[in-house]
Amino acid sequence: MPITPANGQTAGLSAASAPAAAESIMLELVDEDGTTIGTAEKLAAHQPPGQLHRAFSVFLFDEKGRLLLQRRALAKYHSPGVWSNTCCGHPYPGETPFAAAARRTAEELGLAPALLAEAGTVRYNHPDPASGLVEQEFNHLFVGVVRAEPAPDPAEIGEIAFVTAKELAERHAREPFSAWFMTVLDAARPAVRELTGPSAGW
C-alpha cells in the first residue's frame, strides 16, 4: 500500500482550527489507496457499516525492547477498558499522520518519543461488538523509542504497562484487547523487529 508522507508538516491546520473537546471532531475519509476523498464527523464515520478513514497507531518501546501498552479509560465511548497499543487515533483533516501521532502521544501520555519512524500502513474492517461501532480504517503505523516517564491522562488511559513479547502473549490470552490490536501489531512487526533487534523476540 502507498504510504502518505509523514514528514511532521501539518498542512492547513493551526491551533485555532484544531477541534476543541466540545466540538464535533472531523476525520479524513480516504479511498482504498489512502487518497483523501472527503471528511466525516468522527462518530458518524464509525457507525455501521463504517466509512473508510485515515488513522494511525503508535508502538513505543523502552531500551529493554518492552512495548508500552495502555488500557483505554473506562469513560471512552469506543472500546473502553481494553488493552491496546501505545497510542492510536485519527489525524485532523489536513494534518499529517506523523504530526497526529506525535500530538496524541503527548496528549495521552505526556511525553515525546526519543525516536518515531514510519512502519507502513494497513487497511482493516473491525466491528466492535460491545459498542456496535465499526473500525473501517486506513491506518498509518509508527514505531519508536521512549525514554521519558509516561504521565498518562486519566481521561484517556486507565493503566499502562511495559511488556516483553512473551508477557504480551500471556496478557493477550487472559485479558481483553482492542479489536484492531493484533492486526496493527502484526503489520508493524517487521519495523518492530528492526527497531528492537532479534533478542527482543518480536
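Quick note: numbers below take in every heavy atom, side chains included, and nothing from hydrogens, waters or symmetry partners.
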### Task
Look at the rings of F181 and F59 and say which category their plane angle falls in: under 30° parallel, 30 to 60° tilted, over 60° perpendicular.
tilted
Tell me, please, which residues at least two apart from [X] pass side-chain contact (heavy atoms from CB on, under 4.5 Å).
{"X": "I37", "answer": "L29, D31"}
{"X": "A161", "answer": "W83, V163, R171"}
{"X": "A165", "answer": "W202"}
{"X": "A45", "answer": "L27, A40, Q51, H53"}

Between [atom1] of [X] and [atom2] of [Y], what distance do you get to the nearest 0.5 Å?
{"X": "N85", "Y": "L69", "atom1": "CG", "atom2": "CG", "result": "8.0 Å"}
{"X": "L68", "Y": "T105", "atom1": "CG", "atom2": "OG1", "result": "9.5 Å"}
{"X": "N125", "Y": "L52", "atom1": "CG", "atom2": "CG", "result": "9.0 Å"}
{"X": "C87", "Y": "I157", "atom1": "SG", "atom2": "CD1", "result": "7.0 Å"}
{"X": "T96", "Y": "F56", "atom1": "OG1", "atom2": "CZ", "result": "10.5 Å"}
{"X": "R72", "Y": "F177", "atom1": "CZ", "atom2": "CZ", "result": "13.0 Å"}

Please report the shortest heavy-atom distance between [X] and [Y], naming the atom on each side.
{"X": "D128", "Y": "S131", "value": "OD2-OG, 2.6 Å"}
{"X": "A102", "Y": "L116", "value": "N-CD2, 4.3 Å"}
{"X": "I160", "Y": "P152", "value": "CG2-CG, 3.8 Å"}
{"X": "P127", "Y": "A179", "value": "O-CB, 4.1 Å"}
{"X": "A73", "Y": "P154", "value": "CB-O, 3.7 Å"}
{"X": "G65", "Y": "F61", "value": "O-CD2, 3.6 Å"}

### Task
Go through the side-chain N and O atoms of S24 and E41 and say whether any donor and acceptor fall under 3.5 Å apart.
no
### Message
Check whether T86 reaches the backbone of L60 with its side chain - one donor and one acceptor, N or O, closer than 3.5 Å.
### Response
yes
### Query
Taking D33 for the side chain and T35 for the main chain, is one N or O donor matched with an acceptor at less than 3.5 Å?
no
### Summary
Exactly one of H90, R123, R54 clears side chain to side chain donor-acceptor pair (under 3.5 Å) with E137, and that residue is H90
### Query
Excluding sequence neighbours, so at least two apart, what forms side chain to side chain donor-acceptor pair (under 3.5 Å) with T39?
none
#### Entry: Hydrophobic cluster membership, L43 vs V134, 4.5 Å side-chain cutoff
no
### Task
Establish whether F162 and L109 are linked, either directly or via other cluster members, by ILVMFWY side-chain heavy-atom contacts under 4.5 Å.
yes
### Task
Sorted by first residue and then second, give each side chain to side chain donor-acceptor pair (under 3.5 Å) pair with at least one member in residues 60-71; sequence neighbours left out.
D62-R66, E63-R147, Q70-E108, R71-E159, R71-E175
### Task
Not counting sequence neighbours, which residues clear ring pair (Phe, Tyr, Trp, His ring centres under 6.0 Å) with Y124? List them please.
H126
### Message
The criterion is ring pair (Phe, Tyr, Trp, His ring centres under 6.0 Å); which residues satisfy it with H78, sequence neighbours excluded?
### Response
H46, W180
### Query
Among V122, L185, V192, V58, which residue meets the side-chain contact (heavy atoms from CB on, under 4.5 Å) test with L141?
V122
### Query
Can you name the residues that form a salt bridge (charged side-chain N to carboxylate O under 4.0 Å, His left out) with E156, not counting sequence neighbours?
K76, R104
### Task
Determine whether the aromatic ring centres of H140 and F138 lie less than 6.0 Å apart.
yes
### Of all pairs that satisfy salt bridge (charged side-chain N to carboxylate O under 4.0 Å, His left out), the ones with a partner from residues 183-202, not counting sequence neighbours
D186-R189
